[in-house]
Amino acid sequence: MQTITLHDKQFKPFISETELDDAVTRLANQVANDLGDEVPVFIGILNGSFMLVSDFVKKYPKPCEVTFIKLASYEGVKSTEDIQRLIGLTQDLTGRTVVILEDIIDTGNTLVEVHRIFENENVKQLLIATLFYKPEAYKKDFKLHYVGIEIPNKFIVGYGLDYDGLGRDLPAVYQLKTTQHMTNLVLFGPPGAGKGTQANFLKEKYDLVHISTGDVFRYNIKNQTALGTLAKSYMDKGHLVPDQVTIDMLEAEVERNAGAKGFIFDGFPRNETQAKALDKIMTAKDSEVSAMVALEVEDEVLVQRLLERGKTSGRKDDSDESIIRNRIKVYYNETAILKDYYAAQNKYFGVDGIGSIEDITKRLNTVIDKL
Ligand code: IMP
Ligand code: MG
């Protein structure tokens, strides 16, 4: 199951079809056990309960009657006190056991209206059964006789429940994402591909936070943070910094930018362990890596570019052709695994890195605008 968008909002998978099926089965059996041979009247509260009622009565192991009433109480994602009765009762319920079937009980406002409706119906008993219940939101004290699944006080859609009309048809349940859409890019490019330049444009255009692993390391070491000091202790011995230290540093950097619209990761992840850790960091933010974007430039062009740069920059590693070729080789060795990792999720985008800076920026924009 994937994240879905309804109108302007994103929802993430929350309760699967199988879990729903189990919960409905449980509800039906509990009610049946309690009612013995009595023939109950199940009353669904429309619209939300149509799917539940349909599944519930199919699972109900004994004879029963089914009808609906229609109330309206919801606008968008907030409950309103004002509940209207649109279709009322049409049948005599004197002496009957009535079981209300609700899709969800949130504040309990709807229940007040339900109880009012049945006040003068002389029913034998009025039982309340709900598939979903938000205990943190419930403000009334009517007894809930049967509860399928207790859920946190977050807006959900699917299995009859809607967000402004959409989502009722979904066979599974989705939860509103607390973080709305983020663009998180893993940016790659061989030395000389112009990654730094393009990162700056992307950062401006999409209002993203650029996290350069090199900068993060230097910052932590310079400021002697606990992680910086730890990282340095490995570097001083000539050892590689363990993945977990790098991951923790990057995670802290993501946390420091809690409200960001997205990130450009530059120099991270470097291997599959780090890529998986990044997925976890993003999942915890209700988000995900949107794409690995790699600038693609032929080796010969890179070598020429770097040699040119070496003439003016004086950088030693830019003036020796064999060093340059080796850096390019190292880059491809490192990125091959990550390219496969992201390609397997349809998240790898190679962008032609030859041409003017503006042309390359345009190509990147084309990719990113579709994410
Ligand atoms: P209550 O009156 O606040 O208990 O809310 C009951 C009604 O609000 C339900 O029948 C739904 O129509 C709607 N509702 C409450 N919570 C949700 C939700 O998370 N998603 C969609 N509709 C909801
Ligand atoms: Mg309802």
Side-chain angles (χ1 to χ4, degrees), residues 1 3-17 19-20 23-24 27 31 42-57 66-89 98-119 126-180 286:
M1 290 209 295
T3 292
I4 53 161
T5 304
L6 300 175
H7 298 296
D8 57 331
K9 299 228 182 307
Q10 289 202 308
F11 296 83
K12 62 178 176 181
F14 182 46
I15 301 172
S16 69
E17 277 187 74
E19 290 170 288
L20 291 172
V24 176
L27 270 186
V31 176
F42 291 117
I43 302 188
I45 311 292
L46 290 174
N47 290 329
S49 71
F50 76 95
M51 215 180 263
L52 165 70
V53 175
S54 164
D55 286 345
F56 181 98
V57 295
V66 192
T67 186
F68 290 90
I69 54 177
K70 180 163 170 129
L71 308 173
S73 73
Y74 240 72
E75 262 174 55
V77 294
K78 269 180 75 192
S79 186
T80 63
E81 292 273 341
D82 184 24
I83 292 165
Q84 295 172 338
R85 198 177 315 178
L86 302 175
I87 302 174
L89 287 170
V98 169
V99 183
I100 298 297
L101 292 180
E102 261 285 30
D103 45 344
I104 188 163
I105 292 178
D106 184 33
T107 61
N109 289 338
T110 310
L111 272 190
V112 178
E113 187 59 20
V114 165
H115 280 87
R116 193 177 303 142
I117 290 173
F118 287 91
E119 242 164 35
L126 178 68
L127 301 172
I128 310 294
T130 184
L131 178 57
F132 300 113
Y133 169 49
K134 296 178 182 172
E136 297 153 44
Y138 191 56
K139 293 201 218 63
K140 311 287 175 198
D141 45 28
F142 298 111
K143 183 173 164 65
L144 309 180
H145 303 84
Y146 304 97
V147 172
I149 305 175
E150 287 195 7
I151 59 169
N153 191 9
K154 288 194 178 156
F155 193 78
I156 59 172
V157 292
Y159 202 72
L161 293 158
D162 72 312
Y163 165 51
D164 267 352
L166 294 181
R168 292 197 197 279
D169 55 319
L170 301 168
V173 167
Y174 295 74
Q175 188 181 61
L176 182 67
K177 280 192 173 193
T178 42
T179 310
Q180 287 300 304
D286 263 359

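First listed ligand is number 1; within each ligand, the first listed atom is number 1. Keep in mind that this is a model prediction, so the values were computed, not measured.
Atoms NZ and CG, on K143 and D141 in that order, are 12.0 Å from each other to the nearest 0.5 Å. Interatomic distance, L111 CG to I100 CD1, rounded to the nearest 0.5 Å: 8.5 Å. Between I43 atom CD1 and F68 atom CZ the span is 10.5 Å, to the nearest 0.5 Å.
Backbone and side-chain nitrogen or oxygen atoms of G108 are examined, and one is located within less than 3.5 angstrom of a nitrogen or oxygen of ligand 1.
Every atom of ligand 1 with a heavy atom of I156 under 4.0 Å away is listed here by number and element: 18 (C), 19 (O), 20 (N), 21 (C). Set against the non-hydrogen atoms of K134, the atoms of ligand 1 under 4.0 Å away are 16 (N), 17 (C), 18 (C), 19 (O). For ligand 1 and D162, the ligand atoms under 4.0 Å from any heavy atom of the residue are 21 (C). Listed by atom number, the atoms of ligand 1 under 4.0 Å from L161 heavy atoms are 21 (C), 22 (N). Set against the non-hydrogen atoms of T110, the atoms of ligand 1 under 4.0 Å away are 1 (P), 2 (O), 5 (O), 6 (C), 7 (C). For ligand 1 and N109, the ligand atoms under 4.0 Å from any heavy atom of the residue are 1 (P), 2 (O), 4 (O).
Contact analysis leaves L176 out of contact with ligand 1, as no non-hydrogen atom separation drops below 4.0 angstrom. Heavy atoms of I104 come nearer than 4.0 angstrom to ligand 1 in at least one pair.
Not one N or O on the side chain of H145 forms a donor-acceptor pair closer than 3.5 Å with the backbone of A129. Without hydrogens or angle criteria, S16 side chain to E19 main chain gives a donor-acceptor distance under 3.5 Å. A side-chain donor-acceptor contact under 3.5 Å links K177 to the backbone of D286.
Ion pairing between a basic and an acidic side chain is recognised when a charged N comes within 4.0 Å of a carboxylate O; E113 and R116 show such pairing.
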